[in-house]
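Since the structure comes first, as structure tokens, the remarks are kept for the end.
In this chain, numbering begins with 1 at the start of the sequence shown.
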Amino acid sequence: MTGLFLRTLAVALFAAIAFLPISWMATMAFKPAAEWTSAVGGLTFLPKDPTWDNFRYVFTGQSPDQPVGLDRTVWGPLFASLLTSVVGTLIAVVCGTAAAYAVSREKIAQSIGLSLLQLRIFPPLAVMIPVMIMWAFLGMIDTWWGLSLIYGIVTLPFSYWLMKAYFDELPREIEEAAIVEGCTPFEAFRQIVLPIVASAVASTALFIFILNWSDYLIALLLTRKEWTTIPVYMNSLATAASGQLYGAKAALGLIAAIPPIVLGISIQRFLVRGLTFGALKQ
């Protein structure tokens, strides 16, 4: 009993520490501008006068608490983040799944995994400088397809290695039985293998979507104005009159947390199976 109590206490303590920044952001989102600093009444954890003005400010650009309106609201960056993150995730998952299946089953191009891993080994800035030059030459700077493509490329290694681990644990006899019954190799992959690994694909897609959704450096370097994403837009929330708009940033942080949560809930029935799929043995 003593050991169980101590473990429970340790878990509760670590959970409280982990959720403290999130809870602080959540309460900050509902604080009026006067409560952002210690100049008026000191900082408090809970808002003294809760308000929706921070959300109204980022969506409309106007707020009674702010003398200066925003030049750009959150609608454009929100759409840009959703579009580029979804398309980039599709590119990474489709290409990574196909490559992982080919390597796992045909035992060809075994070195492709290490080649893909090199994309993540180099420092990001060392990779992004030539990418910026290439994208500028191709006219892909500040375009949704240019940002989506680079998202798909940089997250491809994660998709490949995760899916290859799943395919390696999947018995080959399943596909061989389908081929004996008259299926072509592609039909066996599409009709038999993909439904079996659907949970693995879902968990991989969620992981890659979160990586793309939270990216800051790539979007900062490859976008200017038209396709600015939420992390870059959040960094620009400041005015000469009020300085850093901490309340608006906190409200935007809560808004930005909604898509990954909704996606995670929508595929939650796949997640447990996908995360434990490696337990399957031949």
Side-chain angles (χ1 to χ4, degrees), residues 22 25 29 55 58-59 72-100 116-117 119-120 124-125 127-128 131-132 134-135 138-163 197-237 248-271 274-275:
I22 300 175
M25 179 185 70
F55 295 91
V58 296
F59 278 111
R72 190 179 187 188
T73 61
V74 74
W75 293 109
L78 182 60
F79 177 74
S81 289
L82 283 173
L83 179 61
T84 56
S85 297
V86 170
V87 175
T89 300
L90 288 176
I91 293 173
V93 171
V94 171
C95 295
T97 300
L116 290 174
L117 193 60
L119 292 172
R120 307 300 305 186
L125 283 178
V127 176
M128 288 309 301
V131 168
M132 288 177 60
M134 186 186 306
W135 257 231
L138 296 174
M140 299 171 67
I141 296 290
D142 205 18
T143 60
W144 69 268
W145 60 87
L147 190 57
S148 300
L149 180 60
I150 194 64
Y151 277 168
I153 292 173
V154 299
T155 54
L156 180 58
F158 295 108
S159 176
Y160 170 82
W161 283 106
L162 287 172
M163 292 308 302
V197 300
S199 56
V201 174
S203 57
T204 300
L206 177 60
F207 175 67
I208 292 176
F209 176 82
I210 293 174
L211 291 179
N212 292 334
W213 179 260
S214 59
D215 167 72
Y216 175 75
L217 178 62
I218 296 176
L220 178 66
L221 296 177
L222 297 184
T223 60
R224 295 171 182 168
K225 183 178 180 181
E226 294 299 325
W227 293 95
T228 298
T229 58
I230 282 183
V232 179
Y233 175 74
M234 183 183 296
N235 187 54
S236 68
L237 286 178
K249 288 186 176 183
L252 186 55
L254 289 182
I255 296 169
I258 294 176
I261 293 175
V262 171
L263 180 60
I265 293 175
S266 63
I267 64 174
Q268 63 178 340
R269 65 190 182 96
F270 296 109
L271 290 181
L275 294 175

Tell me, do Y151 and I91 make a side-chain contact under 4.5 Å, heavy atoms counted? no

Is it true that a side-chain atom of S159 and a backbone atom of A92 form a donor plus acceptor pair closer than 3.5 Å? yes

W144 vs W227 aromatic rings, parallel, tilted or perpendicular, using cut-offs 30° and 60°? tilted

Would you find a donor on one side and an acceptor on the other, under 3.5 Å apart, between the side chain of W213 and the backbone of A256? yes

To the nearest 0.5 Å, what is the distance between CG on D215 and CG on L220? 9.0 Å

Value for CD1 (I150) from OG1 (T155), rounded to nearest 0.5 Å, stands at 9.5 Å

Could you state the interatomic distance from CG (L252) to CE (M25), rounded to the nearest 0.5 Å? 9.5 Å

In this structure, CE of M132 is separated from CD1 of I141 (nearest 0.5 Å) by 6.0 Å

Nearest-0.5 Å distance, CE of residue M128 to CG of residue L221: 5.0 Å

Could you tell me whether a side-chain N or O of S81 sits under 3.5 Å from a main-chain N or O of L78, the two making a donor and an acceptor? no

Please give me the minimum heavy-atom distance between A29 and A250, naming the atom from each residue. N-CB, 3.6 Å

Please determine whether side-chain contact (heavy atoms from CB on, under 4.5 Å) holds for the pair L254 and F55, giving the CA-CA distance in whole Å, both sets of side-chain angles, and the decisive distance to 0.1 Å. CA-CA 10 Å; L254 289 182; F55 295 91; 4.0 Å; yes

Measure from the side-chain N and O atoms of W135 to the backbone N and O of G146, and report whether any donor-acceptor pair falls under 3.5 Å. yes

Return the minimal non-hydrogen interatomic distance between R72 and Y233, and the atom names on each side. O-OH, 2.7 Å

Is the shortest side-chain heavy-atom distance between T73 and F59 below 4.5 Å? no

CD (E226) and OG1 (T143) are apart, to the nearest 0.5 Å, by 11.0 Å

Taking the side chain as every heavy atom from C-beta outward, state whether N212 and T84 have any atom pair closer than 4.5 Å. no

Using side-chain heavy atoms (C-beta onward) and a distance below 4.5 Å, is T229 in contact with V232? yes

Given V201, which partner from the list L206, V93, V94 fulfils the side-chain contact (heavy atoms from CB on, under 4.5 Å) test? V93

